[in-house]
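Counting starts at 1 for both ligands and their atoms, in listed order. Residue numbers start at 1 and run along the sequence shown.
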Amino acid sequence: MTGRLLVSAPEVALPAHTHAVLSLSGGNELRFVDARRFGRLSVRAGHEKPYHGPGLEPLTVGEDEFVALFRGRKTPIKAALLNQSLLHGVGNIYADESLFRAGIRPRRQAGRLTRRELLRLREGLRTVLRHAIELGGSSVSDYVDADGVRGFFQLEHRVYLRTGEPCRVCGTPIRKVTVGGRSTHYCGVCQR
Ligand SMILES: [Zn+2]
């Protein structure tokens with residue numbers, strides 16, 4: 001949620017809260033820094049499906065690239081948004097808020113969304129992420145509660161953690177479901 005991966009020369013001092021250091025073949029180190037310890041690292045055996053590298057940057061991905069990311073995917077769009085090998089840096093809050101802005105239900109199959117819907121989603125995501133950045137949402141000190149959200153962005157939430165509260169657009173109580181193991185909030189009227 002707030003941890004980060006850093007590539008550093010070995011002589012650079014380890015930052016506080018460094019939990020793992022991997023030596024890269026080029027001589028640098030890949031360091032995992034995670035002050036709040038929400039991160040997980042796992043090691044995969046070589047015969048499993050290879051890792052295809054990091055996802056695209058949500059603030060710079062082009063329209064066609066964005067649409068192509070979801071083509072043929074049978075997973076719910078919410079899960080696809082959180083898939084860091086497609087887009088990186090999209091956390092649970094940003095996924096829920098951008099789906100609300102796009103008017104898309106989180107359990108819709110990603111590969112079945114129309115181009116128009118996906119472009120709305122891209123816009124929603126950009127709006128939400130830019131807003132969070134403007135509000136300084138990426139620093140650890142802004143986070144207070146266990147889900148990493150109280151503070152910077154909470155007053156702006158339209159659905160996230162607003163279960164049972166009225167939708168800010170239509171007044172319908174916000175619903176909470178689980179998608180891909182993550183709590184997911186949406187409006188059953190504004191999102192189709
Ligand atoms: Zn609504």
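Remark: Arg112 CZ is loosely packed, at most 12 non-hydrogen atoms of other residues, nucleotides or ligands lying under 6.0 Å away.
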In a table with atom names and distances, give each donor-acceptor pair under 3.5 Å that connects a side chain of residues 16-23 to protein atoms at least two apart or in another chain.
from	atom 1	to	atom 2	distance (Å)
Thr18	OG1	Pro15	O	2.6
His19	NE2	Asp34	O	3.0

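Protein contacts to the Zn ion (ligand 1) involving N, O or S atoms at a distance below 2.8 Å are Cys167 SG, Cys170 SG, Cys187 SG, Cys190 SG.
Between Leu121 and Leu81, some side-chain heavy-atom pair lies under the 4.5 Å cut-off. Side chains of Leu69 and Leu87 form a contact here, defined as non-hydrogen atoms less than 4.5 Å apart.
The cluster map of Ile, Leu, Val, Met, Phe, Trp and Tyr, joined by side-chain heavy atoms under 4.5 Å apart, puts Leu125 and Val159 in different clusters.
In summary, Lys176 and Asp96 do not engage in a salt bridge, as defined by a charged side-chain N under 4.0 Å from a carboxylate O.
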